[in-house]
Amino acid sequence: SDQVISRGPSPDFGFRRLGDRVRAWGGEPLAAHHRSFLLILVIAASIVGAYYVWGKGESRSAFNRWKPQVLSLMAGDDIYVNHAFPTPPIMALILCPFAMLPGKLAMAAWFVFKVLLTLVAIHWLLHIPRTHEPIPVWVAGLIALLAARPIVGDLLHGNVNLWILFLVVACWWLFLN
């Protein structure tokens, strides 16, 4: 049933009830270890995001180095001839809406966008249709631990690698489904 029964104040700050309401894409309630993992990811992303936006400085972000070039593209310039823009044209077009935002807001929006794309890619990778047993929790945790450094590095740099990860995983997911 969809009713939530209140049992008074909860020592878990309401995350258990919230997690019970959140449904995985398959329609099943999230297991306790999934809720814990999701909470850890949200806390880690918040810490990394705060450092990226407020601690790192705008001049050290690839996104902010590209922003003038993207704005130049929007003004009609050939950014490959005039600025040696380092990524394929589609990336400049994807960055256009973010480039129109002011400084730190643009960085924060780009960061959140990449975090969401990465979470979707991870979800799809962990739920790829397979004929054998599901991935054990400890294996998924080990994979997350090993992938954490490159993911955090890309988030802190403001680069486009996680966008490319999302595109590759999305194509694979669509091919398999």
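All figures in this text were calculated on a predicted structure; none of them were measured in a lab.
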Problem set entry | Least distance between heavy atoms, A92 atom then I79 atom | CB-CD1, 3.9 Å
Exercise. Could you go step by step and tell me if V160 and W66 meet the side chain to side chain contact (heavy atoms under 4.5 Å, CB included) rule?
Worked result: CA-CA 11 Å; V160 297; W66 298 337; 3.4 Å; yes
For this session: Please step through side chain to side chain contact (heavy atoms under 4.5 Å, CB included) for the pair I151 and L162, ending with a clear verdict.
Result: CA-CA 7 Å; I151 289 172; L162 293 175; 4.1 Å; yes
Exercise. Is there a chain of hydrophobic side chains (I, L, V, M, F, W, Y, each step under 4.5 Å between heavy atoms) that links V168 to F175?
Worked result: yes
For this session: Hey, can you tell me if F63 and W110 have their rings parallel, tilted or perpendicular (30° and 60° cut-offs)?
Result: parallel
For this session: Hey, could you give me the CG/CZ distance between L155 and F111, rounded to the nearest 0.5 Å?
Result: 4.5 Å
Exercise. Among the clusters formed by ILVMFWY side chains lying less than 4.5 Å apart, do I122 and W138 turn up in the same one?
Worked result: yes
Exercise. Are L176 and W124 connected, step by step, through hydrophobic side chains (Ile, Leu, Val, Met, Phe, Trp, Tyr) whose heavy atoms are closer than 4.5 Å?
Worked result: yes
Exercise. If you round to the nearest 0.5 Å, how far is CD1 of I90 from CG of L167?
Worked result: 8.5 Å
Compile the donor-acceptor pairs under 3.5 Å between side chains in residues 40-50 and protein atoms, sequence neighbours left out, one pair per line.
unit_1	atom_1	unit_2	atom_2	d
S46	OG	V42	O	2.8

For this session: List, by chain and number, the other hydrophobic cluster members for L101, where Ile, Leu, Val, Met, Phe, Trp and Tyr join if side-chain heavy atoms come within less than 4.5 Å, directly or indirectly.
Result: L105
Exercise. Does N64 reach the side chain of K67, with side-chain heavy atoms less than 4.5 Å apart?
Worked result: yes
Exercise. Where do L125 and W172 land on the side chain to side chain contact (heavy atoms under 4.5 Å, CB included) test, with the steps shown first?
Worked result: CA-CA 9 Å; L125 285 171; W172 191 20; 3.6 Å; yes
For this session: Report yes or no: does K114 contribute a side-chain atom to a donor-acceptor pair with the main-chain N or O of D154 at less than 3.5 Å?
Result: yes
For this session: Output all residues satisfying side-chain hydrogen bond (donor to acceptor under 3.5 Å, both in side chains) with S72, sequence neighbours left out; order by chain, then residue number.
Result: D77, H83
For this session: Show your working on side chain to side chain contact (heavy atoms under 4.5 Å, CB included) between L73 and L93 and close with a plain yes or no.
Result: CA-CA 9 Å; L73 170 72; L93 295 175; 4.2 Å; yes
Problem set entry | F166: which of N161, L116, L117, T118 passes side-chain contact (heavy atoms from CB on, under 4.5 Å) | L117
For this session: Could you tell me which non-hydrogen atom of A121 sits nearest to which non-hydrogen atom of V169, and how far apart they are?
Result: O-CG1, 3.6 Å
Problem set entry | Side chain proximity check, I94 to M91, heavy atoms < 4.5 angstrom | yes
